[in-house]
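First comes the structure, then the notes that go with it.
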Amino acid sequence: MIMVNEPLLDGNEKKYLNECIDTGWISSEGPFIKKFESQMAHYVGRKYATACSSGTAALDIAVSALNLQEGDEVILPSFTIISCAQALTKLGIKPVLVDSEYDTFNMKVKDIESKITPKTKAIMIVHVFGLTVDVDPIINLAKRYKLRVIEDAAQMHGQEYKSQKCGSFGDISIFSFYPNKHITTGEGGMVLCSDEILDKRSKSLRNLCFGEQRFIHEEIGFNYRMTNMQAALGVAQLERIDQIVEKKRWIGETYNELLQDLDMINLPIKVTNYCENIYWVYAITLKDDFSRTAKQIMSKLEDCKIGTRPFFYPMHQQPVFNKAGLFLQDKFPNSEKLYEKGFYIPSGLALTKNQAVKVSDALHKVLL
Ligand SMILES: Cc1ncc(COP(=O)(O)O)c(C=O)c1O
């Protein structure tokens with residue numbers, strides 16, 4: 001089986017993990033935590049970073065750190081992972097959705113302004129699959145309407161928008177370090193900002209909002225701490241970020257070449273006016289006049305021992321939200337069609353040329 005994602009841990013990961021075990025620093029108190037935080041902050045161009053237990057945890061911290069309140073509204077794409085919307089609904093904040101562009105998979109920026117109401121307090125940018133959202137118009141809108149901006153850069157380590165690193169936009173941003181990400185810590189996440197107060201709140205929220213005096217709490221927080229062992233992996237991975245980005249782009253270019261003759265599928269866009277694809281995953285959509293669904297193709301590929309994943313199921317169709325009375329009137333045709341027509345193929349960092357050729361051969365066999 002060629003797995004949809006196989007991570008590559010071939011740098012100093014083992015050495016740094018051994019250091020954790022040899023020194024006994026295995027909890028969140030160890031030295032790799034601060035090192036990983038300061039190196040990530042420096043890498044993306046932020047002042048502060050808070051390592052935590054997942055990208056989902058990072059979104060919870062970011063939303064709480066901004067002091068968004070019950071009844072506030074936050075605008076975000078429907079085509080994303082549930083972590084984005086549930087960070088809001090858990091606090092009684094109303095997620096207000098926009099559709100996404102069919103070709104870049106990213107939120108339709110021009111649809112945002114019409115969703116702004118007096119209750120809107122923030123916009124959540126989510127970069128999806130490898131291309132960035134067009135950030136500038138969102139930052140301008142946010143300034144005009146005095147809104148906060150959260151940047152979900154969970155999939156975007158090393159990616160740049162107009163030559164500026166993802167993870168550096170808006171008031172607060174987040175990354176995930178799940179093994180399918182460019183940088184992995186097994187499980188893990190990070191919150192980044194350049195405002196000292198937001199940073200202090202993020203760190204306090206991560207650690208149960210412990211007050212000055214131990215065990216006295218003014219607010220409810222989370223235990224979302226990262227362990228020193230996870231941070232050790234992160235430090236080792238970050239040392240190779242340039243190679244990692246290069247490998248991801250090589251995977252993308254390799255598939256672009258191998259699959260270019262398949263005219264029943266849309267291949268990912270290589271460049272836009274503001275970014276070059278980093279191919280977090282190699283995402284394909286089936287053309288409109290192709291009779292079979294993504295689900296049927298994925299099942300055939302599985303028979304050929306090729307791992308795949310479906311696209312996100314849109315937030316406005318999620319049973320859990322519909323049962324709560326949310327999004328019942330919403331219709332977002334592109335997000336719906338992306339789920340029906342889209343899937344991604346093996347594109348983890350350990351992928352070899354030989355494997356890419358096997359994936360391409362299987363796709364040709366299944367589609368032609
Ligand atoms: C855009 C986006 N945001 C948030 C997350 C959540 O990250 P985690 O899986 O680390 O909780 C993911 C996970 O893939 C993601 O793709």
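Remember, it's 1-based here, ligands and their atoms both numbered in the order they're listed. The first residue in the sequence is number 1, and the count goes up from there.
- For His157 and Phe177, the gap between ring centers is short of 6.0 Å.
- Relative to atom 15 (C) of ligand 1, the option among Ile81, Asp60, Ile82, Asn180 with the closest non-hydrogen atom is Ile81.
- Under the 6.0 Å cut-off for aromatic ring centres, Phe129 and Phe311 qualify, their centroids lying closer than that.
- Evaluated by nearest non-hydrogen atom to atom 2 (C) of ligand 1, the leading choice among Gly189, Ala153, Ala154 is Ala154.
- For atom 11 (O) of ligand 1, the closest non-hydrogen atom of the protein is Thr56 OG1, 2.5 Å.
- A salt bridge (Lys or Arg N to Asp or Glu O under 4.0 Å) check over residues 341-351, counting only residues at least two apart or in different chains, returns nothing.
- Only the side chain of Val126 comes within 4.0 Å of ligand 1, counting heavy atoms alone; its backbone N, CA, C and O stay farther away.
- Aromatic pair Phe312/Phe79: centroids less than 6.0 angstrom apart.
- When hydrogens are left out, the protein atom nearest atom 3 (N) of ligand 1 is Asp152 OD2, 2.6 Å; that is the closest non-hydrogen contact.
- In this structure, the protein non-hydrogen atom closest to atom 8 (P) of ligand 1 is Gly55 N, 3.5 Å.
- Aromatic pair Phe210/His217: centroids less than 6.0 angstrom apart.
- The nearest heavy-atom contact from the protein to atom 16 (O) of ligand 1 is Gln155 NE2, 2.8 Å.
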